[in-house]
Amino acid sequence: MTMDYNFDEIIDRTHTNCIKYDGRQKFFGNANVMPLWVADMDFKTPDFIVDAVRQRAEHPVYGYTFRPESYSNAIVSWLKRRHDWSVKPEWISFSPGVVAGLTLAIKAFSDEGDGVIVQTPVYNPFFDAVKGTNRRMVENPLKLVDGRYTFDLEDLRGKIDARTRLLLLCNPQNPGGMVWTPDELLGLADICLQNKILIISDEIHSDLIYPGNKHTPMASLSEAIAANTVTCMAPSKTFNMAGLTTSFLVIPNKRHLVRYERELHVPHLHMGNLFGTVALEAAYNNGADWVDQLMIYLRDSFNELQKFVAQKMPKVKVMKPEGTYLIWLDFSAYGLNDDELNQRLIEYGVGLNRGIQFGKQGSGYMRLNMGCPRSVLMEALERIEKALGGL
Ligand SMILES: Cc1ncc(COP(=O)(O)O)c(C=O)c1O
C-alpha cells in the first residue's frame, strides 16, 4: 500500500489545553514526561475532517442544529463497508461520548442495586459508570491463556443471580487489545440470552484493527443477539477527534431504543455538537484509506516495540494487540510494587497508565499508548530501558 499520510510528523500539542500534554503536571506531578498515556493519538486529525469543520465554521452562526439523513447514512455505509454489518438508520441514536452513552444505558435498563457484569482488567470508567449509578459491580475477571486474555464463562455462570441485569462488554478490549472472535462472543451472548442479561457493547476501538484480524460487532451475530445488545461506537478514537464528543449507539430493539432515548432527551443531551456532526460524516465518507494506512503504521511501530523489548528488556512481557493502539506491558518480573514502578518511569521521563487502575489484575502492568510518531515511541522505550537498568 502506498502511504499518502505522514504519521512521522511531530506536532506540538502543548498549550492547547490537551489533557495528554497540558495535564502532565496534574496527573504525574511532572510536566516534562513523555506522555504515552491517555487514549488519544498525536497524529493530525486528517485534512478531510479538518476541511469539513473549517467550512462549516465559516458560516458565522453556530446555533442549534439537527443531524441530517446524510449523517445516519454515513454511519450505515461505514458499518457495512468496514464491518459487514447491516444496520438500519432508525436503529441509530446519539450520545455525547461513549462513556455518556453507556452510563445512560445503565440507567435506562437497570435499577439501583442491580448487578452489572464487568470483565477486568478493563477501561476504568466502566467502574465509575456502575458505582456512580448505584448499581452493583459483578466482577468477571478475564482469564490469561497463552499470553492472551479470554472470557471466563464458568466464573460468569457462577456469579449471575436474579438481579444481574447487564453486561458491559469491551470489544476490542482496552487495555489488552483483544479483538474478540465470533466463538468467544457467541459463548458470552448465549449466557446473557439464557439469563435475560442485556449486553452493552463498547466498540469504540472497532476500527483500529491490525491486518489479519477482523472486528465482529456483537450485535451482528444473530437477530436474537441484536435484539439483546446496545452497541456504543464513535469515530473519536479512529480519527483522533475525541474533543468533538460525538458518538452513537446502535439499538435494533425498538423498545430498548425508546427507553434509551427517554434518558437522553430529558437533559437535552441529544442535541449534540454541530462540529462533531460534520466531522463524523466527513470521517466515515472519506476515511477508509487513512485508517488502513494508520493501522499499517501502528503495526510497524508495534513490531519495532516488540523487537526492542526482546533485545533490551526481555523481562517485560508484551501482550500482542489484535486491535487498538494500546499496549499492555507486564513488568512484574522486576519485583517493584505499583507505586515504585510508576515513580521510577516518571523519574526517567515517561508517563504511562498504571495497570492497577484497570482492576487488581493489572497490578505489575502498565498501559502504553503508541499512537505517536515512531521516533517518539523509540525514545520513550529507551527511557524505560534506562529506568529498569540494573534491576
Ligand atoms: C473502551 C473505551 N470506551 C470509551 C472511551 C472513551 O470514550 P468517550 O471519550 O467517547 O467517552 C475510551 C477511551 O479511552 C475507551 O477506551
Side-chain angles (χ1 to χ4, degrees), residues 18-20 23 27 35-43 45 75 92-107 116-130 132-133 142 149 166-180 199-209 215 217-218 230-250 263-264 269-270 272-273 275-277 279-280 283 298 319 321-328 351-355 357-359 362 365-372:
C18 72
I19 292 174
K20 198 176 191 179
F27 194 80
L36 279 71
W37 62 301
V38 65
D40 63 25
M41 301 188 285
D42 292 340
F43 307 130
T45 303
I75 295 174
I92 298 170
S93 189
F94 177 78
S95 70
V98 162
V99 174
L102 55 90
T103 306
L104 290 168
I106 290 172
K107 291 178 78 173
V116 181
I117 302 157
V118 176
Q119 299 173 300
T120 49
V122 76
Y123 178 58
N124 48 304
F126 279 22
F127 310 146
D128 301 331
V130 175
T133 52
L142 298 169
Y149 286 122
L166 304 173
L167 172 119
L168 289 188
L169 172 68
C170 193
N171 180 30
Q173 212 270 349
N174 171 7
M178 271 70 57
V179 175
W180 303 118
I199 301 168
I200 301 176
S201 188
D202 177 339
E203 303 190 11
I204 195 170
H205 295 282
S206 56
D207 299 316
L208 300 168
I209 306 296
H215 173 72
M218 175 56 109
V230 167
T231 307
C232 302
M233 292 180 144
S236 48
K237 300 285 164 205
T238 321
F239 296 100
N240 214 26
M241 45 182 265
L244 293 175
T245 57
T246 297
S247 314
F248 62 95
L249 291 85
V250 180
E263 286 294 333
L264 180 74
L269 293 173
H270 63 290
N273 176 306
F275 296 109
T277 303
L280 177 146
L298 290 173
M319 191 167 284
E322 296 155 0
T324 83
Y325 46 74
L326 305 168
I327 309 298
W328 192 226
L352 309 182
N353 286 97
R354 298 153 60 104
Q357 83 183 58
F358 302 92
Y365 286 78
M366 300 292 283
R367 191 192 72 176
L368 179 149
N369 172 353
M370 59 164 200
C372 59

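Numbering of ligands and ligand atoms starts at 1, following listing order.
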Shortest protein contact, [atom] (heavy atom only):
atom: atom 6 (C) of ligand 1; result: Tyr123 OH, 3.2 Å
atom: atom 1 (C) of ligand 1; result: Asp202 OD2, 3.3 Å
atom: atom 7 (O) of ligand 1; result: Ile204 CD1, 3.3 Å
atom: atom 14 (O) of ligand 1; result: Lys237 NZ, 2.8 Å
atom: atom 8 (P) of ligand 1; result: Val98 N, 3.4 Å

Show which atoms of ligand 1 fall inside a sub-4.0 Å distance from at least one heavy-atom site of [X].
X: Ala39; answer: 14 (O)
X: Cys170; answer: 1 (C)
X: Gly97; answer: 10 (O), 11 (O)

Minimal heavy-atom distance between Pro321 and Leu326, with the atoms involved, is CB-O, 4.1 Å

Do ligand 1 and Val99 have nitrogen or oxygen atoms that lie under 3.5 Å from each other? yes

N/O of Asn174 under 3.5 Å from N/O of ligand 1, yes or no? yes

Would you call the rings of Phe358 and Trp328 parallel, tilted or perpendicular, taking 30° and 60° as the class edges? perpendicular

Would you indicate whether Ile19, at its atom CD1, is surrounded by more than 12 heavy atoms from other residues, nucleotides or ligands within a distance under 6.0 Å? no

Gap separating the [atom1] atom of [X] from the [atom2] atom of [Y], nearest 0.5 angstrom:
X: Asn174; Y: Leu208; atom1: CG; atom2: CG; value: 11.0 Å
X: Arg367; Y: Leu36; atom1: CZ; atom2: CG; value: 10.5 Å
X: Ile209; Y: His215; atom1: CD1; atom2: NE2; value: 6.5 Å

Is there a side-chain contact (heavy atoms from CB on, under 4.5 Å) between Leu264 and Ser93? Walk through the geometry before answering. CA-CA 9 Å; Leu264 180 74; Ser93 189; 3.8 Å; yes

Is there a donor-acceptor pair under 3.5 Å between the side chain of Lys20 and the backbone N or O of Trp37? no

Heavy-atom contact check, 4.0 Å cutoff: does His205 meet ligand 1? yes

Protein contact for atom 3 (N) of ligand 1 (heavy atom, distance under 4.0 Å): yes

